[in-house]
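Take a look at the structure set out below.
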There are 2 protein chains.
Amino acid sequence: MPNILLIDDDVELCEMLAEYLESESFTVNMVHDGHSGMNQAKAENYDAIILDVMMPEMDGFSVLKELRKYIATPVLMLTAKGDDVDRIVGLEMGADDYLPKPCNPRELVARLKAILRRTQTAPPKTVDVIKVNDIEIHPASRKAIYQSENLPLTSSEYNLLEVLAMNVGTVVDKETLSEQALGKKLTEYDRSIDMHLSKLRQKLGDDSQELIQTVRGKGYQLSGG
Amino acid sequence: MPNILLIDDDVELCEMLAEYLESESFTVNMVHDGHSGMNQAKAENYDAIILDVMMPEMDGFSVLKELRKYIATPVLMLTAKGDDVDRIVGLEMGADDYLPKPCNPRELVARLKAILRRTQTAPPKTVDVIKVNDIEIHPASRKAIYQSENLPLTSSEYNLLEVLAMNVGTVVDKETLSEQALGKKLTEYDRSIDMHLSKLRQKLGDDSQELIQTVRGKGYQLSGG
DNA sequence: TCAGCTTTTTTACATGAATTTACATGTATA
DNA sequence: TATACATGTAAATTCATGTAAAAAAGCTGA
């Protein structure tokens with residue numbers, strides 16, 4: 001029973017959609033303006049968000065843009081019928097899908113399920129230990145060991161290392177790192193990945209620049225054996 | 001460079017889309033009927049499939065249905081404009097997305113990327129070591145060794161050498177070098193490849209001009225052992 | 001609630017890499 | 001041989017990254 005947040009100023013439409021969604025065994029929360037939407041989306045952990053573009057005060061794009069700084073929850077946008085530009089802008093801004101209004105609830109559900117299928121098909125490879133070079137990563141306890149010593153990492157540093165380790169010997173681009181390790185989209189002039197990486201390298205000691213290589217213009221790569 | 005299979009009976013549209021996709025650095029294969037599509041999809045390992053619904057003989061739905069018995073490659077369907085039912089059926093049958101025809105190539109690319117972002121979990125590197133002449137290249141750690149000595153290269157220099165090494169004994173043209181090693185199109189008066197090559201040769205020492213040969217008007221070639 | 005911690009993000013600037021510019025040199029073509 | 005054009009490379013410029021430090025956001029326990 002996935003958990004949906006519905007952000008639309010049209011109260012009646014909301015009720016209607018919510019009812020249909022609930023009949024399809026979704027759990028639905030509604031809010032009717034952009035600001036509340038933002039707060040609600042940040043406050044709870046939804047499986048997906050349905051977001052109307054046309055809203056007074058804070059429109060859907062602004063909400064999406066702001067949201068993407070904090071969370072990577074899939075977003076399905078409701079746009080004015082046949083407005084290509086909106087759709088494209090939305091997708092490029094990181095929406096996961098759009099639907100022209102007025103929309104067919106059955107299609108909404110189909111799309112929602114499609115999105116959820118994609119996003120929730122989180123690879124269930126629950127590995128016990130990842131060993132790379134002199135690094136051991138224990139996902140179950142979120143602990144990292146380097147050269148037989150416990151490596152005290154912050155949460156983000158650990159995530160970063162885990163993502164890199166799951167892709168040893170391959171460049172992982174910053175977009176991916178940001179989404180997977182920090183759970184937010186990479187924005188322009190966003191240096192947080194570089195920052196965390198710098199910290200991580202400091203903790204890894206001298207040959208950390210070899211161990212974690214910079215691939216300029218792309219991202220980073222953990223050296224494989 | 002993701003690998004796309006395009007299945008559509010409209011040859012002209014195919015060409016057009018393929019061109020656009022290639023300009024966005026996708027690799028595209030085309031077939032123009034459902035059966036060939038099936039076979040091709042099963043024969044090669046594509047990153048995504050673009051599938052037209054309306055085709056003579058074997059329509060898109062049949063292809064999708066059959067395909068899903070064998071492979072889980074993400075599928076983006078092209079449907080007739082505004083045909084709700086098609087879209088719903090497609091999504092319910094396991095398509096990953098649809099796009100109404102005629103479609104905007106830019107939107108197609110945006111959607112493709114969105115799908116790939118989801119589904120692509122970095123494939124493991126295939127080759128361990130490339131050995132050519134006195135050069136050893138270790139893609140997993142992005143290290144190059146020349147005459148048993150570590151060769152300190154910048155990121156671009158390494159990329160360049162790797163691309164050349166993967167094509168030993170063959171001329172690699174500058175367009176390819178630029179796209180594969182620097183990740184950008186070669187533009188007019190663009191000397192960056194020559195520049196990096198110059199640096200690379202300097203690091204390789206005296207016989208570097210023999211080792212990496214200039215093929216005037218074409219590109220460069222790493223001499224095969 | 002708050003003060004005092006930790007973590008994360010942003011800012012700022014130094015450093016080094018990549019690209020562009022410029023010119024010398026070499027090579028094809030008429 | 002004269003001309004155009006491609007390449008080699010030093011130097012200037014532009015741009016990405018590394019990282020310290022400041023600011024902001026989270027936590028925690030009174």
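So that the names make sense, note that chain A is the first sequence line, chain B the second, and so on, each numbered from 1. Remember, predicted model here, so these are calculated numbers, not experimental data.
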Would you indicate whether the side-chain heavy atoms of [Y] and [X] approach each other to under 4.5 Å?
X         : Y         : result
Leu211(A) : Leu222(A) : yes
Ile71(B)  : Ile49(B)  : yes
Met55(A)  : Ile7(A)   : yes

Nearest whole Å is fine: how far is [N] [atom2] from [X] [atom1]?
X         : N       : atom1 : atom2 : result
Glu175(A) : dA16(D) : CD    : P     : 13 Å
Met195(B) : dA12(D) : CE    : P     : 13 Å
Asp206(B) : dG8(D)  : CG    : P     : 17 Å
Asp190(A) : dA23(D) : CG    : C1'   : 15 Å
Glu188(B) : dC5(D)  : CD    : P     : 12 Å
Asp194(A) : dA16(D) : CG    : C1'   : 9 Å
Gln202(A) : dG18(D) : CD    : P     : 12 Å
Lys184(B) : dT14(D) : NZ    : P     : 15 Å

What are the 5'-most and 3'-most nucleotides of DNA chain C lying under 4.0 Å from any heavy atom of chain A?
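Footprint of chain A along DNA chain C, 5' to 3': dT7(C) to dA18(C).
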Indicate whether the side chain of Asn133(B) and that of Tyr146(B) have a donor and an acceptor atom separated by less than 3.5 Å.
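Result is no, nothing qualifies.
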Taking for each residue the nucleotide of DNA chain D bearing the nearest heavy atom, is the 5' side occupied by Thr214(A) or by Gly217(B)?
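First, find each residue's nearest nucleotide; the 5'-ward one identifies Gly217(B).
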If you look at every strand shown and take non-hydrogen atoms under 4.0 Å, does [X] touch a base, only sugar-phosphate, or nothing?
X         : answer
Leu197(B) : nothing
Ser192(B) : base
Tyr158(A) : nothing

Criterion side-chain contact (heavy atoms from CB on, under 4.5 Å) on Leu108(B) and Tyr20(B), from CA distance to verdict:
CA-CA 10 Å; Leu108(B) 179 65; Tyr20(B) 189 84; over 6 Å; no
Side-chain donor/acceptor contact of Arg191(B) with base of dG8(D) under 3.5 Å:
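Yes, the side chain and the base share a sub-3.5 Å donor-acceptor pair.
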Are the charged groups of Asp190(B) and Lys174(B) less than 4.0 angstrom apart, N to O?
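Here Asp190(B) does not pair with Lys174(B) in a salt bridge, since their nearest N and O are not under 4.0 Å apart.
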